[in-house]
Amino acid sequence: MSEPRINDRIRVPEVRLVGPNGEQVGIVRVEDALRLADEAGLDLVEVAPTARPPVCKLMDFGKFKYESDMKAREARKNQTNTILKEIRFRLKIDPHDYGTKKGHVERFLKAGDKVKVMIMFRGREQSRPEMGFRLLQRLAEDVADLGSVESSPRQDGRNMVMVIGPHKKKAEAKAEERRRKDSEAAADQAGDSSQPSQDEGAQPGQTAATAS
């Protein structure tokens, strides 16, 4: 998204002016708006360019941009980066294989990731979609303490697909763990850069004090 026009870049005869505290000043000539901005030590910022006339506000644009960047950075930091894992089942799966694959699903959910579960139908199995539905429903019930169905089972050609997502607290815990590791890495890096080198060890006067 491009930055708004500010100060001398606003080239219209008049603007609807809003004061620094949100007060409505009214429609004024752009020259007068620029003068008011200069007298207040602020910027004239075009906040609604498509309005007739355009709406401009008096503000500290540098501070506004800094705060906006910080909010956007914090939002990205708090965003949960969930990975979509995939695991495939056969319709006629034996109990041992089912237990193994269910264990994989549980491991993914515990790690805070979503799981795309796919059943692949062979030949005449395509005429029995209800069996695939029951298998996916069984799996969802078996892992209900770790996650819930986000996308119900649906037929997709020869496959039936369902998506299970971790409970919110699991996903949040994963995001928090990632933020903690990032913070620790940044702190370690800052600590390493602040350590004095061997040649910088003693301050002037320390050698004389020791000798005396």
Side-chain angles (χ1 to χ4, degrees), residues 1-86 108-116 146-151 163-197 199-201 203:
M1 184 176 178
S2 60
E3 290 187 359
R5 292 186 295 183
I6 66 171
N7 300 328
D8 293 336
R9 292 174 56 200
I10 303 172
R11 307 200 174 184
V12 292
E14 56 186 19
V15 299
R16 185 178 297 277
L17 186 62
V18 179
N21 297 316
E23 65 273 18
Q24 297 291 329
V25 178
I27 298 176
V28 301
R29 294 189 309 161
V30 70
E31 294 86 353
D32 294 334
L34 287 169
R35 178 178 53 78
L36 290 172
D38 185 60
E39 291 175 354
L42 298 172
D43 299 297
L44 182 66
V45 182
E46 190 178 54
V47 294
T50 59
R52 291 293 178 267
V55 179
C56 294
K57 185 175 181 179
L58 299 176
M59 67 172 72
D60 183 338
F61 184 66
K63 180 180 178 182
F64 168 77
K65 186 178 178 183
Y66 172 78
E67 291 177 347
S68 297
D69 290 345
M70 291 299 292
K71 288 178 181 178
R73 186 180 303 174
E74 189 64 23
R76 288 193 298 269
K77 186 187 297 183
N78 292 332
Q79 185 179 13
T80 301
N81 296 320
T82 303
I83 299 172
L84 181 64
K85 302 288 188 177
E86 183 175 306
F108 295 148
L109 293 173
K110 287 178 180 177
D113 296 321
K114 294 183 181 182
V115 186
K116 178 181 179 181
L146 298 174
S148 57
V149 176
E150 291 191 358
S151 177
V163 176
I164 303 177
H167 291 316
K168 191 174 181 181
K169 61 182 180 180
K170 297 287 185 182
E172 289 177 345
K174 182 180 181 181
E176 180 61 32
E177 177 66 13
R178 184 180 291 110
R179 289 196 297 271
R180 184 184 64 79
K181 289 181 179 179
D182 290 344
S183 297
E184 289 177 352
D188 290 343
Q189 186 175 4
D192 291 341
S193 63
S194 65
Q195 291 294 328
S197 65
D199 296 336
E200 297 172 344
Q203 297 293 328

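Quick caveat: nothing in here was measured; it's all calculated off a predicted structure.
In plain terms, the two heavy atoms of P53 and R16 that are nearest each other are CG-N, 3.9 Å. Taking both residues in full, the closest heavy atoms of R11 and R5 are given as N-NH1, 4.5 Å, listed atom of the first, atom of the second, then distance. Residues V47 and M59 approach most closely at CG1-CE, 4.2 Å, considering heavy atoms. When every heavy atom of A37 is checked against every heavy atom of L44, the shortest pair comes out as CB-N, 4.0 Å. Between P20 and L42, the shortest heavy-atom distance links the atoms CB-CD1, 3.9 Å. The two residues P54 and E14 have their closest heavy-atom pair at CD-O, 3.9 Å.
The closest donor-acceptor contact from the side chain of N21 to the backbone of E23 lies at 3.5 Å or more, if one exists at all. Judged by distance alone, the side chain of E31 and the main-chain N or O of R29 form no donor-acceptor pair under 3.5 Å. A distance-only check finds a donor-acceptor pair linking the side chain of D43 to the backbone of F61 [under 3.5 Å].
Applying the side chain to side chain contact (heavy atoms under 4.5 Å, CB included) test between L146 and each of L109, V115, I164 identifies L109 as the sole match. Evaluated for a side chain to side chain contact (heavy atoms under 4.5 Å, CB included) with E46, the options I10, I6, V55 yield exactly one hit, I10.
Using a 4.0 Å cut-off between a side-chain N of Lys or Arg and a carboxylate O of Asp or Glu, K71 and E67 do not qualify as a salt bridge.
For the atom pair CG of L84 and CG of D113, the computed distance is 8.5 Å after rounding to the nearest 0.5 Å. Rounding to the nearest 0.5 angstrom, the gap separating the NZ atom in K63 from the OG atom in S68 is 11.5 Å. Once rounded to the nearest 0.5 Å, the distance linking CG of N7 with SG of C56 reads 9.5 Å. Interatomic distance, NZ of K114 versus CD of E150, reported as 4.0 Å (0.5 Å rounding).
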**OP:** Decide side-chain contact (heavy atoms from CB on, under 4.5 Å) for V15 and V28; before the verdict, give the C-alpha distance in whole Å, the side-chain angles of both, and the deciding distance to 0.1 Å.
**Re:** CA-CA 6 Å; V15 299; V28 301; 4.2 Å; yes
Subject >> side-chain contact (heavy atoms from CB on, under 4.5 Å) evaluation trace for L58 with V18 >> reply: CA-CA 6 Å; L58 299 176; V18 179; over 6 Å; no
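Within 6.0 Å of CG in D69 there are more than 12 heavy atoms belonging to other residues, nucleotides or ligands.
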